[in-house]
Amino acid sequence: MAMVSMALSCPFPALASVNPQRHRDVNMAFASLSQETTSSGVQITEGTGKLPKVLLKSVHGSEAEIYLFGGCITSWKVSNGRDLLFVRPDAVFNGKKPISGGIPHCFPQFGPGPMQQHGFARNMDWSIVDSENIEGNPVLTLELKDSPYSHAMWDFSFQALFKVMLNSKSLSTKLTITNTDQKTFSFNSALHTYFSAAVTGASVKGLKGCKTLNKDLDPSNPSEGKEERELVTFPGFVDCIYLDAPNELKLDNGLGDTVLIKNTNWSDAVLWNPHLQMEACYKDFVCVENAKIGKVQLEPEQSWVAEQEMSIF
């Protein structure tokens, strides 16, 4: 696979957001990229389905992969080489359907609603706007702006910046949503993170006492409750929202790894495993998602920022 490096301080107009039904031929974009080498630890290459993929490599041995389609992080490995994220075997890389796995964006809608499931951000091409290297650790910033495709579902102008920071034992993200319209808008959002796991041995600590909206029995009519368990497990189908969740959770993935999930301003959490609805792969992952379930309202020129740090120890 040919590797192409680039001047990462500039955006790539050829990869700007478009209607995914008319997704551009990315070969034209690759043809225009510089052949220079870079020491930033950030490189772009051709991924599955010929979609552009960004590789992040830290001098400390950790790696991550991000597809510009959906701004989706699909891989995170620390120095032991094991991927801590999971991409489903039925994932489609065609620039039309969202990538099923990794860390998809849910914006400006979480779950079902007036627009398509989980909104449109995971169905659009994001652009690279900046990169840097801090003490051998790569930092990449992606941008998503409104387009005719987004306006057809949500008639507002906006900017989303997604900053990804790779360290030796952590992967951090910072999402900034800015209202660039002349009218107020509201949204909700989530990072729909798929973690590699042995589902029968996986557990999450830190949710005891949270108010829950449990969709296990009836997804259209969640039941309210309170989490009483110290360790929340995945014994079957799980689809539960935890309101006002703490800013720190611990995931035991059942594979020998403990992942500490910290956040700032993601007020809620979601646990999900489809069980027999996805018989081919449900045993191999769990979703632990940072979310903002309640509506965020932004006046013109206002911004909302939420951060996440996942670390292994």
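Counting begins at 1 with the first residue of the sequence.
- The closest donor-acceptor contact from the side chain of Ser157 to the backbone of Thr180 lies at 3.5 Å or more, if one exists at all.
- For the atom pair Lys163 NZ and Leu175 CG, the distance stands at 13.0 Å (nearest 0.5 Å).
- Counting non-hydrogen atoms of neighbouring residues, nucleotides and ligands closer than 6.0 angstrom, the CG atom of Asp244 reaches no more than 12 such neighbours.
- Here the side chains of Ile66 and Phe162 are not in contact, with every heavy-atom distance at 4.5 Å or above.
- Residues Leu142 and Gly71 approach most closely at CD1-CA, 3.9 Å, considering heavy atoms.
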**Request:** Verify ring pair (Phe, Tyr, Trp, His ring centres under 6.0 Å) between Phe107 and Phe158, making sure each step is shown before the conclusion.
**Result:** CA-CA 11 Å; Phe107 173 83; Phe158 70 92; 5.4 Å; yes
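- If you take OG1 on Thr48 and CD on Glu46, they are separated by 9.5 Å, rounding to the nearest 0.5 Å.
- None of Leu231, Leu251, Val232 except one satisfies the side-chain contact (heavy atoms from CB on, under 4.5 Å) rule with Ser203; the exception is Leu231.
- What you find for Lys77 and Gly81 is that their closest heavy atoms are CD-O, 3.5 Å.
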**Item:** From CA spacing to verdict: side chain to side chain contact (heavy atoms under 4.5 Å, CB included), Thr258, Phe313
**Value:** CA-CA 6 Å; Thr258 300; Phe313 59 95; 3.6 Å; yes
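- We find that Lys208 and Glu230 are joined by a salt bridge, their nearest charged nitrogen and carboxylate oxygen being less than 4.0 Å apart.
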**Request:** Let me see the working for Asp146 and His151 under side-chain hydrogen bond (donor to acceptor under 3.5 Å, both in side chains), right down to the final yes or no.
**Result:** CA-CA 7 Å; Asp146 55 284; His151 276 277; 2.9 Å; yes
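- Taking CD of Glu65 as the reference point, atom SG of Cys72 lies at 11.0 Å (rounded to 0.5 Å).
- Distance alone, capped at 3.5 Å, places no donor-acceptor pair between the Asp239 side chain and the Lys215 backbone.
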**Request:** Apply the test side chain to side chain contact (heavy atoms under 4.5 Å, CB included) to residues Val270 and Asp268: give CA-CA distance (whole Å), side-chain angles for both, the deciding distance (0.1 Å), then the verdict.
**Result:** CA-CA 7 Å; Val270 182; Asp268 312 301; 5.9 Å; no
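- When all heavy atoms of Ser100 and Asp90 are compared, the pair lying nearest together is CB-OD1, 4.4 Å.
- The same ILVMFWY cluster, assembled from side-chain heavy atoms under 4.5 Å apart, contains both Leu84 and Val199.
- Under a hydrophobic clustering in which Ile, Leu, Val, Met, Phe, Trp and Tyr are joined whenever their side-chain heavy atoms come within less than 4.5 Å, directly or via other members, Ile73 and Met310 fall into the same cluster.
- The shortest distance between side-chain heavy atoms of Leu51 and Leu68 does not fall below 4.5 Å.
- Side-chain atoms of Ser62 do not come within 3.5 Å of backbone N or O of Ser79 as any donor-acceptor pair.
- Here the CD1 atom belonging to Ile312 is positioned 8.5 Å from the NZ atom belonging to Lys169, to the nearest 0.5 angstrom.
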**Asked** Given the rule in the side chain to side chain contact (heavy atoms under 4.5 Å, CB included) test, do Glu224 and Leu213 qualify, once you have shown the distances and angles that lead to the verdict?
**Response** CA-CA 5 Å; Glu224 296 186 10; Leu213 297 176; 3.6 Å; yes
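- Atom NZ in Lys57 sits 11.5 Å away from atom CG in Leu166 (nearest 0.5 Å).
- The aromatic rings of Phe93 and Tyr67 sit tilted, their planes meeting at an angle between 30° and 60°.
- The shortest distance between side-chain heavy atoms of Gln109 and Pro114 falls below 4.5 Å.
- Not one N or O on the side chain of Asn188 forms a donor-acceptor pair closer than 3.5 Å with the backbone of Lys295.
- The hydrophobic clustering, which links ILVMFWY residues whose side-chain heavy atoms are closer than 4.5 Å, places Phe185 and Met153 together.
- Side chain of Asn263 to backbone of Gln308: no donor-acceptor contact under 3.5 angstrom is found.
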**Request:** Go through the steps for Thr200 and Lys283 under the test side chain to side chain contact (heavy atoms under 4.5 Å, CB included), then give the verdict.
**Result:** CA-CA 7 Å; Thr200 56; Lys283 296 178 182 179; over 6 Å; no
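- Around the CG atom of Leu276, the shell of radius 6.0 Å holds more than 12 heavy atoms that belong to other residues, nucleotides or ligands.
- The backbone N or O of Asn214 lies less than 3.5 Å from no partner atom in the side chain of Thr212, so there is not a single donor-acceptor pair.
- Residues Val42 and Val54 form a side-chain contact, since some pair of their non-hydrogen atoms from C-beta on lies under 4.5 Å apart.
- Each of Phe237 and Tyr242 belongs to its own hydrophobic cluster when Ile, Leu, Val, Met, Phe, Trp and Tyr are linked at side-chain heavy-atom distances under 4.5 angstrom.
- In this structure a side-chain-to-backbone donor-acceptor pair under 3.5 Å is missing from Asn290 to Trp266.
- By the 4.5 Å heavy-atom criterion applied to side chains, Phe86 and Cys281 are counted as neighbours.
- Side-chain N or O atoms of Ser196 include one that pairs as donor or acceptor with a backbone N or O of Asp83 at under 3.5 Å.
- Within 6.0 Å of atom CD in Glu299, more than 12 heavy atoms from other residues, nucleotides or ligands are found, so the atom counts as buried in its surroundings.
- The shortest heavy-atom contact between Phe69 and Gly95 is CE1-O, 3.3 Å.
- Looking at heavy atoms from C-beta onward, Phe285 lies out of side-chain contact with Phe234 at the 4.5 angstrom threshold.
- Looking at heavy atoms from C-beta onward, Leu298 lies in side-chain contact with Trp304 at the 4.5 angstrom threshold.
- Taking CZ of Arg229 as the start and CG of Leu207 as the end, the distance is 9.0 Å to the nearest 0.5 Å.
- In this structure, His118 contributes its side chain and Gly111 its backbone to a donor-acceptor pair below 3.5 Å.
- When every heavy atom of Lys292 is checked against every heavy atom of Val296, the shortest pair comes out as CG-CG2, 3.5 Å.
- Taking all atoms of both residues into account, the shortest heavy-atom contact from Thr184 to Phe156 is O-CE2, 3.5 Å.
- Note: His105 and Trp126 have parallel aromatic rings, judged against thresholds of 30 and 60 degrees for the angle between ring planes.
- Taking hydrophobic clusters as Ile, Leu, Val, Met, Phe, Trp and Tyr residues chained together by side-chain heavy-atom distances below 4.5 Å, Val238 does not share a cluster with Phe110.
- Side-chain rings of Phe187 and Trp154 stay apart, their centers remaining 6.0 Å or farther from each other.
- In this structure the side chain of Val286 never reaches within 4.5 angstrom of the side chain of Val204, judged on heavy atoms.
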